[in-house]
Amino acid sequence: MNKFKKESEIYEFWEKEKLFSADPNSNKKKYSLLIPPPNLTGELHLGHAMQHSILDAVARFRRLQGFDVLLLPGVDHAGIQFESTFDKHLAKQGLSKQKLGREKWLELAWKFKDEIYKSLSGSWRMMGLSADWSREVFTLEEKCQRAVFEEFKTYYDAGLIYKGPYIVQWCPRDRTAIEDVEVEYEERKEKLYYLKYGPLTLATVRPETKFGDTAMAVNPKDKRYKDYVGKEFEIETLNGKKKMRVVADDVVDPDFGTGVIKVTPGHDFIDYEIGKRHNLPIINVINKEGRLTDAAGKYAGMKVTEAREAMIPELKEKGILVKEEDYVHNVAVCERCKSVVEPIISEEWFVKVEEIAKEAIQLINKDAIKFLPGNYKKILIEWLKGIHDWCISRSLWWGHRIPVWYRGKEIKVSLKSPGVGWKQDEQVLDTWFSSGLWPLSTLGWLNKVESGKLKVENLLDRYFPWDFEISAPEIKFLWIARMIMISNYFTKMEPFKTMFFHGMLRDLQGRKFSKSLGNGIEPGYLIGQWGVDATRMALYTYSIPGRDGRVSKQTLDERGKNFRNFATKIRNIARFVIELRTTDNRLPTTDNRHKDDIWIQDKLERLVARVTKNLESLELHLAVEDIYNFVWHDFADKYIEKSKTSREEAQATLEYVLKQVMIILHPFMPFLTEEIYQQFDVHRKSIMLEKWPL
RNA sequence: GGACGGUUAGCUCAGCUGGUUAGAGCGUCGCAUUUACACUGCGAAGGUCAUAGGUUCGAAUCCUAUACCGUCCACCA
């Protein structure tokens, strides 16, 4: 009876029939969904599985509704993350960046990328994602490179890009600058050291930066230190005596510690600002490897924490350290590798984003984008209001290399080398610089203006702005805000009309899933256990915008089992309705229907109305529950049971209801519904070509 | 310090444009049948909807406060 043996056969059938392909020339209305490009780092996790299940349900629903749907897949090169994964992979083979050199390294990186990519792509297909594979995009491919170059050049020409030595967050492990948004804070218990600075005493947690101090600062309103302001004092340091001035600055909190701070403009953001205001010199004490520089005298070469420990005895001995106390505070760590980041001065590229952000705020305030849940509108606006210039350069090899070329003092912005003797900037662009352009670059942005040898289909006019985008909340600033800013800057339009933030799946204690905790649950496990459709259904029950869910293997198994049973129930219903029918000359639906027929059809009609509404408002969990209850408790338990006494009269209604239900269930359980659908005597080539019954 | 979300059955969660006895899944207990389906059917137990006030004819749902949990932002030298 069943023409398919496995889910993968159904998937192949759909692909072969090109049922996932968008048709830009169609006269149907379009509906476009942009798949967030997963990072090129390996397996898809549960959150991805949920995200993709939601995307696919919406895409399939809109297709059935008669839209020309574009569900566009792609992958992000994920600069820092990929590079550190790859370097670890190389280390296992005794290789390294130093041994390989940039060119060879990149060659191997692309091969490694292909390997990882295969596993990603396989997972997507396994989940049943009805994506248009013919239009798949990778952020480093040529089409994107040209778009990213255009983005850079446009900012550059508009005077929005500048380069220079500024204080940045530096990750000593990844050996690159990172952004504020890539920094996390961890609560740590450390010591607060009280140090004598000439006549004054001040408190610090970082005595090792003492070598970079160029002033002391107090609050101008602080009466205690009024007489010291502007004066210079001789300070005892571990490098001998040194003269230091006291400056007055509003940022100093008179109530913290002694009300006096040491100013280290080279290694602290606030001190850097103070230094600028008071024209203080900058001394670099910590280098890019997180070790002390020659400025630290005999402590040079030590790591920050080593140096701190090593210098305490000497500080005590010289009478500089007068008191220490326990102190709990937040320490900045790299979001990716969790090592402590150091503010240091480095030569980096920046984009002035204030104006771009202002325009984005206006766009959001016009409600051009519907955020789910709604409070993200406010969250994003608040962030955009306080935005800092964007540090876009990273000291990596994996990424879009900064398209700037140097020859002596000459500078040119160009994608390819301008000629002999020109050297390209060594750094690459922040991953989010290209991801932020994703809504445009995926659609062949610039094809209109470019007429080079590269041929890119221009889909922008038809599919932009996107109708639907989904994301985990954790990248709302890194990615979502950037897409809004960038799209608006280049097109004066919103990148997407609906922005769905799904919740985070956590373990039962409310912790994030992570490799280090080992609390992860593989989607592949659930699929193996309960099947794709059941896994998808289990995930839809958690797909409420912005609401986190606590899950364990056990709770997911429970739901998986539940929906696996549901799938079995449907198969049995189909067996009863189609396979075990008692007669072949079934009656057509008559005007004088039985009251049970009227009852179930009426229930169905109202179900369809609710499911349609809930899908349109993206309340997938409600739609799923509703269909489940109808099928199991109205259709099977009541109507089918009653129909057994007058089977022949009921046959038409049985088939009608079952078929309609398969159609409205298809967005959620695509494989099962196709399997059942194919068993009807009269059917289209695929359930995907059916019409939504409303 | 600022913003936001959560607190409902043993567990995981729905419900919250206020309106009859507050729902689901899993779990528990009882009964039934070998049935399209035991990956079943029927039924039961189990909740002062965090707490305290308020609005209302009526509140799990709206308002205020409190407690606890969580997230995000800022970051204190």
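Chain identifiers are assigned alphabetically (A, B, ...) following the order of the sequence lines, protein sequences preceding nucleic acid strands; residue numbering begins at 1 within each chain.
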Pair of N/O donor and acceptor under 3.5 Å linking rC39(B) base with K561(A) side chain: no
Candidates rC4(B), rA24(B), rA36(B) - which lies nearest the side chain of L580(A): rA36(B)
F630(A): which of L665(A), I664(A), L607(A) passes side-chain contact (heavy atoms from CB on, under 4.5 Å): L607(A)
rG41(B): pairing nucleotide in any strand, Watson-Crick or G-U under 3.5 angstrom: rC31(B)
Nucleotide nearest D637(A) when distance is taken to its side chain, options rA14(B), rA36(B), rC42(B): rC42(B)
From rA14(B), rG41(B), rU12(B), nucleotide with atom closest to W632(A) side chain: rG41(B)
Over-ring placement of R308(A) relative to Y193(A), 6.0 Å and 45° cut-offs: no
Base partner of rU48(B), which must satisfy Watson-Crick or wobble distances under 3.5 Å: none
S552(A) and Q554(A): side chain donor to acceptor below 3.5 Å: no
Sugar-phosphate, base or nothing in reach of G549(A), heavy atoms under 4.0 Å: sugar-phosphate
Sugar-phosphate only, base, or nothing, as touched by A332(A) at under 4.0 Å among non-hydrogen atoms: nothing
Sugar-phosphate, base or nothing in reach of L508(A), heavy atoms under 4.0 Å: sugar-phosphate
Interatomic distance at P, rG15(B) relative to rU7(B), whole Å: 10 Å
Sugar-phosphate only, base, or nothing, as touched by R550(A) at under 4.0 Å among non-hydrogen atoms: sugar-phosphate
Whether over 12 other heavy atoms sit under 6.0 Å from K642(A) NZ: no
Contact under 4.0 Å: N562(A) side-chain N or O vs rA24(B) OP1/OP2: no
Audit row: E179(A), R482(A), salt bridge (Lys or Arg N to Asp or Glu O under 4.0 Å) steps and yes/no: CA-CA 13 Å; E179(A) 267 263 285; R482(A) 257 74 176 267; 2.6 Å; yes
Whole-angstrom distance between rC49(B) and rC62(B), as gauged at atom C1': 16 Å
Sugar-phosphate only, base, or nothing, as touched by Y628(A) at under 4.0 Å among non-hydrogen atoms: sugar-phosphate
Sugar-phosphate only, base, or nothing, as touched by K262(A) at under 4.0 Å among non-hydrogen atoms: nothing
P gap between rG10(B) and rU51(B), integer Å: 14 Å
Nucleotide nearest R547(A) (side chain, heavy atoms from C-beta), chosen from rG15(B), rG25(B), rU40(B): rG15(B)
Which nucleotide in rU12(B), rG41(B), rG25(B) has an atom nearest any side-chain atom of T555(A): rU12(B)
Earlier contact from the 5' end, RNA chain B, for I573(A) and E625(A): E625(A)
Touch class at under 4.0 angstrom, heavy-atom based, for D548(A) against every strand present: nothing
Nucleotide opposite rC76(B) in a Watson-Crick or G-U pair, distances under 3.5 Å: none
Touch class at under 4.0 angstrom, heavy-atom based, for E641(A) against every strand present: base
Any-strand Watson-Crick or G-U partner of rC13(B), both distances under 3.5 Å: rG23(B)
With R506(A) via side-chain hydrogen bond (donor to acceptor under 3.5 Å, both in side chains) - residues at least two apart: D548(A)
Kindly give the atom pairs (protein nitrogen or oxygen, nucleotide nitrogen or oxygen) under 3.5 Å for nucleotides 72-75 of chain B.
residue, atom, partner, partner atom, Å
rC75(B), N3, N330(A), ND2, 3.1

Shortest side-chain distance from E558(A), nucleotide among rA36(B), rC42(B), rG25(B): rG25(B)
Side-chain N,O (K644(A)) to OP1/OP2 (rA36(B)) below 4.0 Å: yes
Interatomic distance at C1', rA14(B) relative to rG47(B), whole Å: 15 Å
Touch class at under 4.0 angstrom, heavy-atom based, for D253(A) against every strand present: base
Distance test, side-chain N/O of K613(A) to OP1/OP2 of rU17(B), below 4.0 Å: no
Identified pairing partner of rU71(B), criterion: Watson-Crick or G-U wobble below 3.5 Å: rA3(B)
Phosphate OP1/OP2 of rC4(B) contacted by K378(A) side-chain N/O (<4.0 Å): yes
Full working for salt bridge (Lys or Arg N to Asp or Glu O under 4.0 Å) between R206(A) and E342(A): CA-CA 11 Å; R206(A) 305 203 58 187; E342(A) 296 291 344; 2.7 Å; yes
Touch class at under 4.0 angstrom, heavy-atom based, for R559(A) against every strand present: base
Residue pair K338(A), E186(A): steps toward the salt bridge (Lys or Arg N to Asp or Glu O under 4.0 Å) verdict: CA-CA 9 Å; K338(A) 310 293 175 197; E186(A) 266 178 21; 5.8 Å; no
Identified pairing partner of rG18(B), criterion: Watson-Crick or G-U wobble below 3.5 Å: none
Complement of rA36(B), any strand, by Watson-Crick or G-U distances under 3.5 angstrom: none
P-based separation of rC13(B) from rA50(B) [nearest Å]: 15 Å
Parallel, tilted or perpendicular: ring planes of Y628(A) versus F563(A), cut at 30 and 60 degrees: perpendicular
Identified pairing partner of rG53(B), criterion: Watson-Crick or G-U wobble below 3.5 Å: rC63(B)
Steps toward side chain to side chain contact (heavy atoms under 4.5 Å, CB included) verdict (L505(A), L539(A)): CA-CA 10 Å; L505(A) 292 177; L539(A) 293 171; 4.2 Å; yes
Under 4.0 angstrom between H621(A) side-chain N/O and rG15(B) OP1 or OP2: yes
